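What you see below is based on every heavy atom in this structure, not just the backbone, and it leaves out hydrogens, waters and symmetry mates. Within every chain, numbering begins at 1; the chains are lettered A, B, ... in the order of the sequence lines, protein sequences first and strands thereafter. For clarity, every value in this text was computed on a predicted model and none was experimentally measured.
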Amino acid sequence: MRKQLVLVCALSLVLLLTACGGSNEPAIPTGGGGAGQPSGPAAPPPTATLAGKIAFEGTAPPPAKIQMSADPYCASHAQNPVTEDVKVSDGGLENVIIYVSSKVDASFPTPTEPVEIDQQNCHYIPHVFTMMVNQPLKVKNSDDTLHNIHSYSEVNTQYNAGQAVKGMVNDTKFDKAEMPVPFKCDVHKWMGAYAGVFTHPYHSVSKAGGAYEFKLAPGKYEITAWHEKYGTQKQEIEVKDGQNQLNFTFKAATSAD
Amino acid sequence: MSQSNSAGANIGLHRFAVFTTITTVVLIFVGGLVTSTESGLSVPDWPTTYGWNMFTFPYSKWVGGIFYEHSHRLLASFVGFLTIVLTVWTWMKESRKWVRWLAAAALATVIMQGILGGLTVKFLLPTPISTAHACLAQTFFCLIISIALFTSEDWKAGLPTVEEQTGGVRLTTLCAMTTGAIYLQLIVGALMRHMSAGLAIPDFPLAFGRIIPPFTSDKIVVHFAHRMGAVIVTAMIVWTFSRIRRAYSEHPTLYRPAVVMFVLVIAQLTLGAFTVWTAKSVIPTTAHVATGAMTLGASFFLTVRAFGSVVKRRPALIYPFREPAWK
């Protein structure tokens, strides 16, 4: 019977020894936000304003209804839940991140005012936001159900926190620039959000009508507009003191899908 | 086989081992569901569940992805408990020392598996740990199968001796090679799954409309390796099954598990195709994982039985040379 013991042990040993996988490190994205801590001389005063509209041409896909039966709380509290990936109002595309993607050779103080993301009726509010490196991010759960907020960051360390109680608040931050940082709730698959993390404050998110605006110092810049479904567009501009206008147009036909 | 007879009958222990084996199959299926539904991180803490003790987490809070992840944790705990009982029972009642140590090895494996499960949550599903977790599950499954087999009445009474019927590769070697090939294929499958490469090649049976796809990413390489592995494993199983059907069909000890293994691999190929065609729909994808484990189990079972029953052919009797009569 020793023969059988030797056989089983040998087979098990082989299986155990081979029970290991391997893979490459995750790829570092080539997002235009730059990486690392801010460096360079003190930032010049932001005496210019860059504003514009993110126009949308074509027929926007109708928002899809979200099936929330996986969680009775969500199903009963969310009123007519629909997807937010393409939100068009007054011919403008909302939730587009507009930011300076060329190198900004200046150092900016880290804001102490936190950016907040809330979980309300099983949705992230806001759906898209921007922040600076090391700026506090407040994660709030306003729902009487469990959420986990999970950043699928590739440059920064991933963040995954469970929030079991209504009103619970967690604080975190990202110490490297990364664009974009997707967020997901692994409990509720439909919940998704995006953040842009930058070493400078020259960024904004388009609101109603596709309007955006942010202040910056005069100079020559490359400006990037990013949308979760329609990808990125870039433009060069020389920003002067006072008001500056820069518009982008996304077309329904240019969908990356 | 006379030594086995001294082991004595313990039908209860054998049945308990069989029950643990079946529960392990269910656990592998539920574990597959966790990955298929992408729920692995829906409970971000471990061993607690959102701060609760795992066993007191309220059922009303098993919502969304938590349902799958928490069910997997509880079922895994149950299998761990069964393994503890099995080990203690074996050490108390089993007279064969090597069977006792086999049970201890199963217990050590299930503990290691639990730790890997925790680590994969703590480190946010790193591919090496998640893949190792998936592969160790198969190892544990094989260990439990072997305990169920060695505690069976058939085994203890001594399997009927089967004389090697054919030349070439020995049947025991062929069975072991098939089991090894299936296990390697499961490793590649687990790697593919945890790299999210299940749809890296979106068409089937072709690959990007070609026989050989363009290898433009690691995911495509791993996915294609899994498809090639399927071809090799199927060939090995067909070879093994054909050999047994041709030469050992009157020996149910070998023929029955060979039939089961053959049927399972056909089902497995079908499920693999549906996994791609349905864009990784949850049920076919998860069934593909569980059927893969069962195919390994059937092959492992067959292999152990072959080692326990097949003996080398006796040398032919040599008669004195005689001149033919017509000379």
By a 4.5 Å heavy-atom criterion (distance strictly below it), what part of A:Ser69 contacts chain B: side chain, backbone, both, or neither?
neither
First locate atom OH of B:Tyr50, then atom CE of A:Met168, and finally report the distance between them rounded to the nearest 0.5 Å.
10.0 Å
Could you tell me whether B:Tyr59 atom OH has more than 12 heavy atoms of other residues or ligands within 6.0 Å of it?
no
Would you please name every residue forming a side chain to side chain contact (heavy atoms under 4.5 Å, CB included) with B:Ser36, sequence neighbours left out?
B:Arg193, B:Val282, B:Thr285, B:Thr286
Which of A:His188, A:Lys184, A:His147 touches chain B most, by non-hydrogen pairs under 4.5 Å
A:His147
Does the side chain of B:Leu124 come within less than 4.5 Å of A:Tyr159's, by heavy atoms?
no
Answer yes or no: are there more than 12 heavy-atom neighbours, outside B:Tyr68 itself, under 6.0 Å from its atom OH?
no
Which bit of B:Phe57 is near chain A, if near means a heavy-atom gap under 4.5 Å: side chain, backbone, both or neither?
side chain
Could you report the tightest heavy-atom contact between B:Thr37 and A:Lys189, atom names first, then the distance?
O-CE, 2.8 Å
CG of A:Asn160 to CG of B:Leu125, rounded to nearest 0.5 Å, is 8.5 Å
Sequence neighbours excluded, the answer for side chain to side chain contact (heavy atoms under 4.5 Å, CB included) partners of B:Ala298 is B:Val260, B:Met261, B:Leu264
Measure from the side-chain N and O atoms of B:Lys61 to the backbone N and O of A:Ala164, and report whether any donor-acceptor pair falls under 3.5 Å.
no
How about A:Asp186 and B:Ser39: do any of their side-chain heavy atoms sit closer than 4.5 Å?
no
Is chain A contacted by the side chain of B:Trp52, its backbone, both, or neither, given a heavy-atom distance below 4.5 Å?
side chain
Pair count under 4.5 Å, heavy atoms only, with chain A: among B:Gly40, B:Ser130, B:Gly64, B:Pro44, highest is B:Pro44
For the pair A:Asn148 (side chain) and B:Leu41 (backbone), establish whether a donor and an acceptor sit closer than 3.5 Å, ignoring hydrogens and angles.
yes
Check whether more than 12 heavy atoms from other residues, nucleotides or ligands sit under 6.0 Å from atom NZ of A:Lys173, and answer yes or no.
no
